[in-house]
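Report on the following structure.
Every chain is numbered from 1 and lettered A, B, ... according to where its sequence line falls, protein lines coming before strand lines. What you see is a predicted model; the values in this text were computed from it and never measured.
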There are 2 protein chains.
Amino acid sequence: MGLRERKKEKTRLAILDAALDLFLEQGYESTTVEQIAGAVEISPRTFFRYFTGKDHLVLLFHDHAEDLMLEALASRPADEPPFTCLMQAMRAVLADLQAATPEDAARFLKLRRLLDEHPRLVGLSVARGARTEQHLAEVIAARRGVDPAQDQLTHLIVAWAMSTMRVGFECPRREGTFEEVQHRMAESIALAERSLRPGWDL
Amino acid sequence: MGLRERKKEKTRLAILDAALDLFLEQGYESTTVEQIAGAVEISPRTFFRYFTGKDHLVLLFHDHAEDLMLEALASRPADEPPFTCLMQAMRAVLADLQAATPEDAARFLKLRRLLDEHPRLVGLSVARGARTEQHLAEVIAARRGVDPAQDQLTHLIVAWAMSTMRVGFECPRREGTFEEVQHRMAESIALAERSLRPGWDL
DNA sequence: ATGACTTATGGCACACTGTGACAGAAAGGT
DNA sequence: ACCTTTCTGTCACAGTGTGCCATAAGTCAT
């Protein structure tokens, strides 16, 4: 890996960290791109070369999580029920989180606090989730051998799975360690499985 | 009702209709507020007094639907299971749609086509849905006698209900009459009820 | 009607986001 | 050293959204 790419990655993270701190300090909306750029000594124009906009900073985790889920999904046995499959994909995201560096862990917790304090960002987050949902629906439709444009059950399976995750991640909004997040998530999955009729997703 | 309010309502609808047509003609992003304002002979500044922004135009239906659902929810018997309740609230939205004027019906169908063609707007729509979900969660928590900040099941019930609605409304994306929307919705509800264990939401 | 009031509108200036175009700086390979 | 490729900053620009203030329109007395 050349100096160029290492430097880019460094700037990337510097921007992210500066932005998260500024957002938490003075609020999301009241933080300007100019301020973020100033904090890491780059021009505002360069900021937009690293990220598509302020929103993108908040959605980095979602991008990563989506990759992980699609990857995890691909590695599950073909005969595993779709919903079970999706819950496993979710666990893969959790596992990745646990294996993360302390820096990444801190970023995740900051992001979580940020979402707590800014309902608008929760909106952004679920909107991004809708895109993930589309991608997952295509994979699940293929698994089930149906046309994603026709089959409602496929969309219901994916939508409910994403909802289950979201509830696990979001609720409750207080400060939380990874252990607590993981516990909430497990609780959420258990709740879901207890509520569904066995074989509903076949 | 005075002349003032009637005139305001007229401009309001004129803006909405002009905007929807422009969006469908030349795309959402490439339509400017200036164009919309020009089409109804008002200043751009006035546009922002009627609507908070371009987004708001797309979310008018969601605002209305949320009102209807909260209203419907309030009128349901206290001992009705939460999920059933929410499905009834959803039916209230459908009923309102059927009772709508031809103008409103046309607006709804245009909005639907618009969402079809613009994934970004689907994101907006889902984000708005998250806000509705919060409000519904509070009502359902009260019904169930639990603290919305603590109870995951409440959030799961509401999230799954919203997902069920969304799947009913969105899928599939082709042109549809109200009959088709209603049919899809009924199908979605049936699918949901078939998939859930009786009494899961108590 | 006339006048006094309340409210809606338009115009202006402004801050902010995001993008295209171009010139110069930095890193890569030879 | 050289040339090539890629990154960066500067400038210009279009668009969104908001505060501010003067003016026009509507409302409601007498």
Discussion item. So, does Lys7(A) get its side chain near the phosphate of dA27(C), meaning an N or O under 4.0 Å from OP1 or OP2?
Written reply: yes
Item to complete: Respond yes when some side-chain nitrogen or oxygen of Thr46(B) is under 4.0 Å from OP1 or OP2 of dG10(C), and no when none is.
Response: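 So the side chain of Thr46(B) is within the cut-off, an N or O lying under 4.0 Å from OP1 or OP2 of dG10(C).
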[X] [atom1] - [N] [atom2] separation (whole Å):
X        : N       : atom1 : atom2 : value
Arg12(A) : dT8(D)  : CZ    : P     : 11 Å
Lys8(B)  : dT7(C)  : NZ    : C1'   : 9 Å
Tyr28(A) : dT17(C) : OH    : C1'   : 10 Å
Glu29(A) : dA15(C) : CD    : P     : 18 Å
Phe47(B) : dT9(C)  : CZ    : P     : 13 Å
Ile42(B) : dG17(D) : CD1   : C1'   : 15 Å
Glu34(B) : dG17(D) : CD    : P     : 14 Å
Leu3(A)  : dC7(D)  : CG    : P     : 12 Å

Response to the item:
Encoded 5' to 3' (Watson-Crick or G-U under 3.5 Å; [ ] crossing; | other strand), DNA chain D becomes |..|||||||||||||||||||||||||||
Discussion item. Main chain of Leu121(A), side chain of Ser125(A): is a donor-acceptor contact present, judged purely on distance under 3.5 Å?
Written reply: no
Worksheet item: Could a donor-acceptor pair under 3.5 angstrom be found where the side chain of Arg49(A) meets the base of dG18(C)?
Response: no
Fill in: Upstream residue (5' side of DNA chain D) when Gly2(B) and Phe48(B) are each assigned their closest nucleotide
Phe48(B)
Worksheet item: Where each residue is assigned the nucleotide of DNA chain D containing its nearest heavy atom, which of Arg45(B) and Arg6(B) is assigned the position nearer the 5′ end?
Response: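 The residue mapped nearer the 5' terminus is Arg45(B).
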Worksheet item: Side chains of Val158(B) and Val139(B): closer than 4.5 Å at any heavy-atom pair?
Response: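 When only atoms from C-beta onward are counted, Val139(B) and Val158(B) do not touch, as no gap falls below 4.5 Å.
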Worksheet item: What does Thr11(A) touch in the nucleic acid at a heavy-atom separation under 4.0 angstrom: a base, only the sugar-phosphate, or nothing?
Response: nothing
Worksheet item: Base, sugar-phosphate alone, or nothing: which one does Tyr50(A) contact when heavy atoms must sit under 4.0 Å apart?
Response: sugar-phosphate
Item to complete: Give the C-alpha distance, both sets of side-chain angles, the deciding distance and a yes or no for side-chain hydrogen bond (donor to acceptor under 3.5 Å, both in side chains) between Thr132(B) and Arg128(B).
Response: CA-CA 7 Å; Thr132(B) 299; Arg128(B) 179 64 183 80; 3.1 Å; yes
Discussion item. In terms of relative ring orientation, are His56(A) and Phe51(A) parallel, tilted or perpendicular, with 30° and 60° separating the classes?
Written reply: perpendicular
Item to complete: Specify whether Phe108(A) and Phe61(A) have parallel, tilted or perpendicular ring planes, treating 30° as the upper limit for parallel and 60° as the lower limit for perpendicular.
Response: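 Tilted, since the angle between the ring planes falls between 30° and 60°.
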Worksheet item: Any ion pair linking Glu66(B) and Arg131(B) (charged N to carboxylate O, less than 4.0 Å)?
Response: no
Worksheet entry | Which residue lies more 5' along DNA chain C, comparing Arg4(B) with Glu5(A) via nearest heavy atoms |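 So the residue in question is Arg4(B).
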Worksheet, complete the sentence: Given the options Asp17(B), Asp116(B), Asp104(B), Asp21(B), Lys110(B) meets salt bridge (charged side-chain N to carboxylate O under 4.0 Å, His left out) only with Asp21(B)
